[in-house]
Amino acid sequence: MCGRYSLGVTPEELAAAFELDEIPSFHAPRYNIAPTQDAPILIRGEDGLRAGPVRWGLVPHWAESPAAGSRHINARSETVAKRPAFRDAFRSRRCLVPADGFYEWQEGPSPKQPVWIHREDRRLLAFAGLWERWRWPDGGPLVTFTVLTTDAAPWIRFVHDRMPVILEGDDRLLWLDPEATPAELKSVLRPQSEPMVLQPVSTVVNRATNESAECVRPVGAPVTSPKPELRLDL
DNA sequence: CCAGACGTTGTT
DNA sequence: GTCTGG
DNA sequence: CCAGACGTTGTT
DNA sequence: GTCTGG
């Protein structure tokens with residue numbers, strides 16, 4: 001799943017990578033984006049992509065309080081079209097969530113080992129996301145987002161059994177297209193098959209308030225899937 | 001009809 | 001807001 | 001995701 | 001154990 005990620009670029013680099021109309025304003029670089037924090041998302045604007053910082057953890061419009069956001073940091077792509085908390089946003093408020101990596105805590109003996117997952121060439125990722133608007137009692141808006149998840153691809157499965165949906169190329173445009181059909185949308189919600197670097201990192205990242213580059217400091221060499229012939233315990 | 005839930009991950 | 005369960 | 005709280009009365 | 005906050 002995806003409960004922590006990074007966006008280690010400047011607003012200028014983000015704008016260039018996604019051909020944005022304007023340079024977005026957000027505090028950067030980010031090495032430890034955690035739920036309830038603000039992070040930039042990309043939505044389809046008048047003519048092109050626009051970015052705005054919104055809060056991670058989708059709060060349904062009917063929720064009593066923003067606390068509901070903590071339970072909606074992810075949406076399962078298998079059920080997102082039907083769930084009351086997500087279906088409206090799935091129909092009309094899809095977005096991309098830019099990142100340059102994400103964290104998974106490797107299942108197994110305690111303490112769990114955080115692993116930073118990023119592309120070899122550091123190209124930016126675009127998670128499939130949804131956004132929503134909630135109103136404070138005084139009428140002010142709170143805009144929030146969630147990240148869609150899917151089954152883990154084979155290359156990451158030994159670390160974790162879920163992963164964020166990562167969109168490439170035309171799939172990004174389709175995801176943002178208001179005219180896209182449910183069947184088309186469903187077709188892009190699949191595991192990223194291209195392997196990435198699985199880099200064990202410092203447990204500094206565990207604490208959400210630690211936001212320094214220490215979070216992506218390598219601890220040992222990147223990990224790889226155990227070879228089948230070595231899995232004698234199965 | 002009203003009341004209560006509405007979510008994911010992981011763990012068991 | 002909308003659906004499910006009682 | 002992990003970390004930290006989980007409670008009240010009364011006093012400062 | 002479970003919920004909330006970051």
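The chains referred to below are lettered A, B, ... by the order of the sequence lines, with proteins before strands, and numbering in each begins at 1.
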Pairwise P distance for D:dT8 and B:dC6, with rounding to whole Å:
26 Å

Between A:Glu132 and A:Arg93, is there a side-chain N and carboxylate O pair less than 4.0 Å apart?
yes

Given that both pair distances must be under 3.5 Å and the pair must be Watson-Crick or G-U, what runs of three or more consecutive pairs involve DNA chain D?
D:1-6 with E:1-6

Hey, can you tell me if A:Phe145 and A:Tyr5 have their rings parallel, tilted or perpendicular (30° and 60° cut-offs)?
perpendicular

If I pick the C1' atom on E:dG5 and the same atom on B:dA5, what distance separates them, to the nearest angstrom?
23 Å

What is the nucleic acid contact for A:Thr79, judged by heavy atoms within less than 4.0 Å: base, sugar-phosphate only, or nothing?
sugar-phosphate

At their closest point, which heavy atom of A:Thr146 faces which heavy atom of A:Ala75, and how far apart are they?
OG1-N, 3.6 Å

Scan residues 60-71 of chain A against DNA chain C and write down, sorted by residue number, each residue with any heavy atom closer than 4.0 Å; if none is found, say none.
A:His61, A:Trp62

Considering only heavy atoms, which members of residues 194-209 of chain A lie under 4.0 Å from some atom of DNA chain C?
none

Taking ring-ring contact (aromatic ring centres under 6.0 Å, His included) as the cut-off, I'd like each qualifying pair that reaches into residues 58-82 of chain A, sequence neighbours left out, listed once.
A:His72-A:Phe86

Residues A:Glu78, A:Arg162; criterion salt bridge (Lys or Arg N to Asp or Glu O under 4.0 Å); working and verdict
CA-CA 12 Å; A:Glu78 298 90 333; A:Arg162 302 287 292 175; 2.8 Å; yes

Produce the list of close N/O pairs, under 3.5 Å, pairing protein atoms with atoms of nucleotides 2-5 of chain C; give distances to one decimal.
none

Name the nucleic acid region contacted by A:Phe86, choosing base, sugar-phosphate or nothing; use a 4.0 angstrom heavy-atom cut-off, strictly under.
sugar-phosphate

Crowded around A:Glu168 CD? As in, over 12 foreign heavy atoms under 6.0 Å?
yes

Residue list, ring pair (Phe, Tyr, Trp, His ring centres under 6.0 Å) with A:Trp134, at least two apart or on another chain:
A:Trp136

Can you tell me, in whole Å, how much space there is between the P of B:dT9 and that of D:dC2?
13 Å

